[in-house]
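The structure appears below as structure tokens.
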There are 2 protein chains.
Amino acid sequence: MALPATGNSTMTLYTVSQIARRTGLTVRTLHHYEAKGLLNPAARSGAGYRLYGSYELLRLQHIVSLKMLGFSLKEILACLDVEAPSLAEALARQVDRLREVVVRQQELLRRLERIAQQAINGETIDSETLLNSIEASTIMEKYFTHEQLETIKQRGDTLGPERIKAVEQSWPHVIAGMQAALTLEKDPASEEVQLLARRWRTLVREFTGGNAEIQRSMNTMFREDAATMQAKTGIDPALMAYASKAISLLRD
Amino acid sequence: MALPATGNSTMTLYTVSQIARRTGLTVRTLHHYEAKGLLNPAARSGAGYRLYGSYELLRLQHIVSLKMLGFSLKEILACLDVEAPSLAEALARQVDRLREVVVRQQELLRRLERIAQQAINGETIDSETLLNSIEASTIMEKYFTHEQLETIKQRGDTLGPERIKAVEQSWPHVIAGMQAALTLEKDPASEEVQLLARRWRTLVREFTGGNAEIQRSMNTMFREDAATMQAKTGIDPALMAYASKAISLLRD
DNA sequence: CTGCGGCCTGACGTTGCGTGAGGGTCAAGC
DNA sequence: GCTTGACCCTCACGCAACGTCAGGCCGCAG
């Protein structure tokens with residue numbers, strides 16, 4: 001099968017466009033493959049026209065096949081040019097690569113679907129808000145597991161958009177109040193701060209649904225990505241510690 | 001939130017490398033985004049150094065987020081530059097696109113896995129043979145359903161590599177015999193041709209496993225892609241018709 | 001002889017930057 | 001004041017796999 005390129009000159013020869021039609025490629029592509037050293041014409045006519053023989057046609061079909069499997073031209077050249085470097089190995093590598101790609105794409109798809117769903121549910125036509133929630137999800141991807149994210153999403157679905165919006169609108173006020181109390185060095189056990197703490201805890205539970213794992217992941221997120229979280233929520237580690245202290249002092 | 005870019009000059013300003021560090025991008029990338037009109041510095045220092053404010057940082061984070069969702073720079077520009085063209089819509093489109101991509105990749109992965117498996121099973125270190133079977137699978141993808149391909153693969157697994165190899169080696173002889181009979185215009189009912197027909201049918205059944213659907217798909221393949229099939233197997237429509245006739249005359 | 005289709009060789013455009021080349025700028029130490 | 005490193009600037013080429021002209025030669029039919 002491995003015929004040498006120096007075939008007998010009595011074999012039928014084809015022009016570029018004929019080869020292109022037979023393989024479904026374009027003439028330009030054949031030029032390109034020649035430039036890359038993938039496929040040289042068997043000969044040239046007097047006028048310099050490219051002429052391909054059956055060996056070239058066969059080789060081109062091999063090239064097309066490998067290209068359809070996702071190999072780059074460079075890899076194809078390596079597979080076809082030398083006899084040695086085992087096509088089977090290349091196939092195995094390609095399978096591994098593609099598997100990773102598929103996994104990543106699927107994860108991305110899941111994220112996108114979650115975000116898009118959220119955008120539709122919330123009637124969020126406001127780009128600013130939407131971008132903020134996208135960024136929130138970006139960070140959350142780092143700290144929550146897939147199951148946790150799924151749980152959170154389902155919880156969001158059951159709560160409904162108005163409820164979520166209400167919660168989101170409540171946060172700034174509570175945060176500001178807590179921050180003020182911290183700045184004024186009020187006693188976390190004082191009645192005023194305890195009231196804030198109760199509201200704070202309620203809002204947190206609104207998000208965590210009382211799930212301890214989610215609570216832990218959230219705490220980790222605030223600890224590790226303190227700068228970002230402060231920028232997004234206004235909660236810095238000091239405030240977090242103060243609020244936690246106040247909540248721990250709640251009696252009920 | 002939608003602060004104009006013309007912020008007050010008292011805001012803290014950052015240099016390129018500072019912005020790069022904060023966003024995990026490279027300086028070159030920031031240059032690129034500026035060239036593409038995605039993100040212009042808030043100002044330039046006397047020496048021409050790029051200076052970014054908090055608005056630019058925010059915008060850049062949005063850009064990064066959208067890029068992570070798979071949008072192209074052009075799309076991001078469209079989403080961010082004008083307020084109008086609804087990000088939610090773009091998200092929906094992106095979901096659709098990605099879904100299609102994932103499906104295609106998964107199909108390709110399945111094909112690759114089948115081929116790689118076959119390469120490992122058959123100890124096929126011979127690139128020529130492997131390439132031929134890849135091409136066979138390429139064509140088969142066109143005519144067989146996924147279930148059929150799965151059935152064929154499983155049948156191949158149960159038969160084992162030696163059996164398959166034996167079948168493949170038997171074919172050329174049978175085909176040559178049948179072709180000779182056709183050329184000599186021998187009676188399909190004659191004892192000699194009937195013997196060939198019986199062997200032919202056996203080989204076909206070895207492949208189809210007696211599955212009528214697979215048989216039909218195979219026939220379609222030989223009909224629609226006659227040229228290719230002739231090149232690969234040596235069976236042209238005329239020979240196929242002759243063989244079919246002979247098989248239909250078999251008595252048992 | 002002219003026209004039309006096919007072929008040729010450059011060579012630039014695309015996407016998202018990486019990677020220098022060649023040359024100013026800035027704060028610090030001598 | 002001078003040097004040294006760390007930064008910064010603006011070109012500008014490179015990659016992958018071709019698409020898409022531009023300008024011009026070849027060959028055959030009318």
Side-chain angles (χ1 to χ4, degrees), chain A residues 13-53 56 59-60 62-81 90 94 97-98 101 104 108, chain B residues 13-53 56 60 62-80 90 94 97-98 101 104 108:
Chain A
L13 292 173
Y14 311 89
T15 68
V16 256
S17 57
Q18 285 170 337
I19 292 283
R21 261 195 299 275
R22 272 171 181 263
T23 55
L25 301 174
T26 69
V27 171
R28 173 65 178 117
T29 300
L30 292 172
H31 288 180
H32 187 57
Y33 288 175
E34 185 181 351
K36 290 288 173 182
L38 261 176
L39 183 75
N40 292 114
R44 292 276 190 154
S45 78
Y49 287 21
R50 273 163 259 256
L51 297 173
Y52 301 85
E56 283 73 29
R59 181 175 168 97
L60 186 53
H62 291 338
I63 293 171
V64 170
S65 298
L66 291 177
K67 201 159 64 75
M68 286 202 301
L69 294 183
F71 288 99
S72 73
L73 297 189
K74 194 182 291 183
E75 290 167 323
I76 294 174
L77 185 58
C79 289
L80 294 182
D81 237 30
Q94 178 67 6
R97 279 201 321 217
L98 192 55
V101 169
R104 264 206 297 271
L108 180 53
Chain B
L13 292 174
Y14 311 91
T15 68
V16 257
S17 57
Q18 285 171 336
I19 292 283
R21 262 195 298 277
R22 271 171 180 262
T23 54
L25 300 175
T26 70
V27 172
R28 172 64 177 119
T29 301
L30 293 172
H31 290 179
H32 187 60
Y33 289 174
E34 185 180 351
K36 291 288 174 181
L38 260 175
L39 184 74
N40 292 113
R44 294 274 192 155
S45 78
Y49 288 19
R50 273 165 257 258
L51 297 173
Y52 300 86
E56 283 73 28
L60 185 52
H62 291 168
I63 292 171
V64 171
S65 297
L66 292 178
K67 201 159 63 75
M68 287 202 300
L69 295 184
F71 288 99
S72 74
L73 298 188
K74 194 182 292 182
E75 290 167 323
I76 295 175
L77 185 58
C79 288
L80 293 183
Q94 178 67 5
R97 278 202 321 217
L98 192 54
V101 170
R104 264 206 297 272
L108 179 54

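All figures in this text were calculated on a predicted structure; none of them were measured in a lab. Order of the sequence lines fixes the chain letters, A, B, ..., with proteins taken first and strands second; residue numbering starts at 1 for each chain.
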Assess whether side chain to side chain contact (heavy atoms under 4.5 Å, CB included) is satisfied between A:T23 and A:T29, documenting all intermediate values.
CA-CA 11 Å; A:T23 55; A:T29 300; over 6 Å; no
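- Taking atom CG of B:L39 as the reference point, atom P of C:dC17 lies 13 Å away to the nearest angstrom.
- The separation between B:M68 atom CE and C:dG16 atom P is 16 Å, rounded to whole Å.
- Applying the 4.0 Å criterion to OP1 and OP2 of D:dG19, one finds that A:T29 has a side-chain N or O inside that range.
- The CG atom of B:L25 sits 12 Å away from the C1' atom of C:dG16 (whole-angstrom rounding).
- The existence of a salt bridge linking A:E56 and A:R50 is excluded, since no basic side-chain nitrogen approaches an acidic carboxylate oxygen closer than 4.0 Å.
- Of the side-chain N and O atoms in A:Y33, one or more sit less than 4.0 angstrom from OP1 or OP2 of D:dC18.
- C:dG16 atom C1' lies 16 Å from atom CG of B:L66, rounded to whole Å.
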Side chain to side chain contact (heavy atoms under 4.5 Å, CB included) assessment of A:L60 paired with A:L30
CA-CA 9 Å; A:L60 186 53; A:L30 292 172; 3.5 Å; yes
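- Taking atom OH of residue A:Y52 and atom C1' of nucleotide C:dC7, one finds them 11 Å apart after rounding to whole Å.
- Contact check for A:K67 versus A:Y33: side-chain heavy atoms found under the 4.5 Å cut-off.
- When all heavy atoms of B:L38 and B:I76 are compared, the pair lying nearest together is CD2-CG2, 3.8 Å.
- Atom C1' of nucleotide D:dC15 and atom NZ of A:K36 are separated by 8 Å, given to the nearest angstrom.
- Whole-Å rounding puts the A:H32 NE2 to D:dC15 C1' distance at 11 Å.
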What is the per-nucleotide protein-contact pattern of nucleotides 3-12 of chain D, from the 5' end, where B denotes a base atom under 4.0 Å from a protein heavy atom, S denotes such proximity for sugar-phosphate atoms only, and - denotes neither?
----BSSB-B
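- Residue pairs satisfying the side-chain hydrogen bond (donor to acceptor under 3.5 Å, both in side chains) criterion with at least one member in residues 37-49 of chain A, sequence neighbours excluded, are listed as follows: A:E34-A:R44.
- Phosphate proximity of D:dC18 to A:K67: present, with a side-chain N or O under 4.0 Å from OP1 or OP2.
- Residue B:K74 is classed as a sugar-phosphate contact, given heavy-atom separations below 4.0 Å to backbone atoms only.
- A side-chain donor-acceptor contact under 3.5 Å links A:R97 and A:Q94.
- Atom CZ in B:F71 sits roughly 20 Å away from atom C1' in C:dC17 (whole-Å rounding).
- Close to C:dG18, at under 4.0 Å from its OP1 or OP2, lies a side-chain N or O of B:T26.
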